Amino acid sequence: MSLSPEQADAASNGHDETGGHDGRKGYLTGSILSVVLTVIPFWLVTSGAVHDVQTVAFLIFGFALVQIVVHVVFFLHLDTRSEGGWTLLAFLFTTVIVFLTIGGSIWVMYHLNANMMPMPGNGVGNMSGMAPGSEP
C-alpha cells in the first residue's frame, strides 16, 4: 500500500488528517488567551478593583491554572488524540507526582515546625549575654 505525498508528510510530522495540530490558528488562539490571562490579573493588582487581598490571590491563582491548561492544550498539544492518549496520561502522572511531592514537603515542614521542642528563652538561649568576639 503506497501513501500519497500528503499522507506521507503528515505521517512523518506526527499529524493526521482528522485531528493533528491546528497550526497557526491554534498558536494564535493560545497566544491571545495567554495574553488575556496575564493582563487580567495584572489589572486586578494594579487597579485595586478588588480590595480583599485573599480574593485577589485566589483570582490570580485561578487565572494561573487556566493559563496552564491553555499552554498544555495549545502549545504542548497534549490531548487524548496525540499518541493514543499516552502523552496526556504521562503529563497527568507527572502532575500528580509533583503535587504529592510539594504537598508532602509542605506537610512535613509544617508538622516539624509545629512539633519542635521549645527552646529556652524563645530560641535565643544563652546568646543574649555573650559579648562580641567571645566564644560560647
Side-chain angles (χ1 to χ4, degrees):
M1 175 177 152
S2 65
L3 297 174
S4 70
E6 293 83 18
Q7 290 172 335
D9 185 43
S12 67
N13 288 334
H15 299 81
D16 59 0
E17 307 263 335
T18 59
H21 305 310
D22 291 340
R24 290 184 184 168
K25 182 181 175 187
Y27 287 121
L28 183 63
T29 304
S31 297
I32 291 171
L33 285 173
S34 294
V35 168
V36 168
L37 292 170
T38 301
V39 168
I40 291 173
F42 184 78
W43 174 79
L44 281 173
V45 172
T46 57
S47 71
V50 180
H51 298 292
D52 185 31
V53 176
Q54 286 183 335
T55 304
V56 173
F58 283 124
L59 286 172
I60 291 172
F61 185 70
F63 280 109
L65 289 177
V66 172
Q67 192 167 34
I68 289 171
V69 171
V70 167
H71 284 250
V72 166
V73 170
F74 288 100
F75 300 118
L76 296 178
H77 307 289
L78 293 180
D79 57 9
T80 56
R81 294 177 294 180
S82 62
E83 297 186 27
W86 284 106
T87 53
L88 180 63
L89 187 64
F91 177 76
L92 292 175
F93 177 73
T94 303
T95 304
V96 168
I97 296 298
V98 166
F99 277 114
L100 284 175
T101 303
I102 292 172
S105 298
I106 291 171
W107 182 76
V108 166
M109 288 187 286
Y110 172 78
H111 284 284
L112 282 175
N113 185 37
N115 296 324
M116 291 274 299
M117 288 181 51
M119 298 289 292
N122 293 330
V124 177
N126 293 330
M127 300 281 291
S128 60
M130 294 180 60
S134 65
E135 300 216 9

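Not measured: the values here are computed from a predicted model. All residue numbers in this chain count up from 1 along the given sequence.
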For S34 and V70, the nearest pair of non-hydrogen atoms, with its separation, is OG-CG1, 3.9 Å
Could you give the distance from CG (L112) to CH2 (W107), rounded to the nearest 0.5 Å? 9.0 Å
hydrophobic_cluster_shared for V66 and V56, side chain cutoff 4.5 Å: yes
Check whether V39 and V69 end up in the same hydrophobic cluster, where Ile, Leu, Val, Met, Phe, Trp and Tyr are linked by side-chain heavy atoms less than 4.5 Å apart. no
V96 and L92, any side-chain heavy atoms less than 4.5 Å apart: no
Look at the side-chain heavy atoms of Ile, Leu, Val, Met, Phe, Trp and Tyr, link any pair under 4.5 Å apart, and say whether L78 and L89 land in one connected group. no
In the single-linkage hydrophobic clustering (I, L, V, M, F, W, Y; side-chain heavy atoms under 4.5 Å), do W43 and L33 co-cluster? yes
Stepwise, does the side-chain contact (heavy atoms from CB on, under 4.5 Å) test hold for F63 with Q67? CA-CA 6 Å; F63 280 109; Q67 192 167 34; over 6 Å; no
Separation between CD1 of I102 and CD1 of I97, rounded to the nearest 0.5 Å: 11.5 Å
Nearest 0.5 angstrom please: I60 CD1 to L65 CG, how far? 12.5 Å
In this structure, are over 12 heavy atoms from other groups packed under 6.0 Å from F75 atom CZ? yes
Is there a chain of hydrophobic side chains (I, L, V, M, F, W, Y, each step under 4.5 Å between heavy atoms) that links F58 to I68? no
Before you tell me yes or no, could you show the steps for V73 and D79 under side-chain contact (heavy atoms from CB on, under 4.5 Å), namely the whole-Å CA-CA distance, both residues' side-chain angles and the distance that decides it to 0.1 Å? CA-CA 7 Å; V73 170; D79 57 9; over 6 Å; no
F91 vs T87, side-chain contact (heavy atoms from CB on, under 4.5 Å): CA-CA, chis, key distance, verdict: CA-CA 6 Å; F91 177 76; T87 53; over 6 Å; no
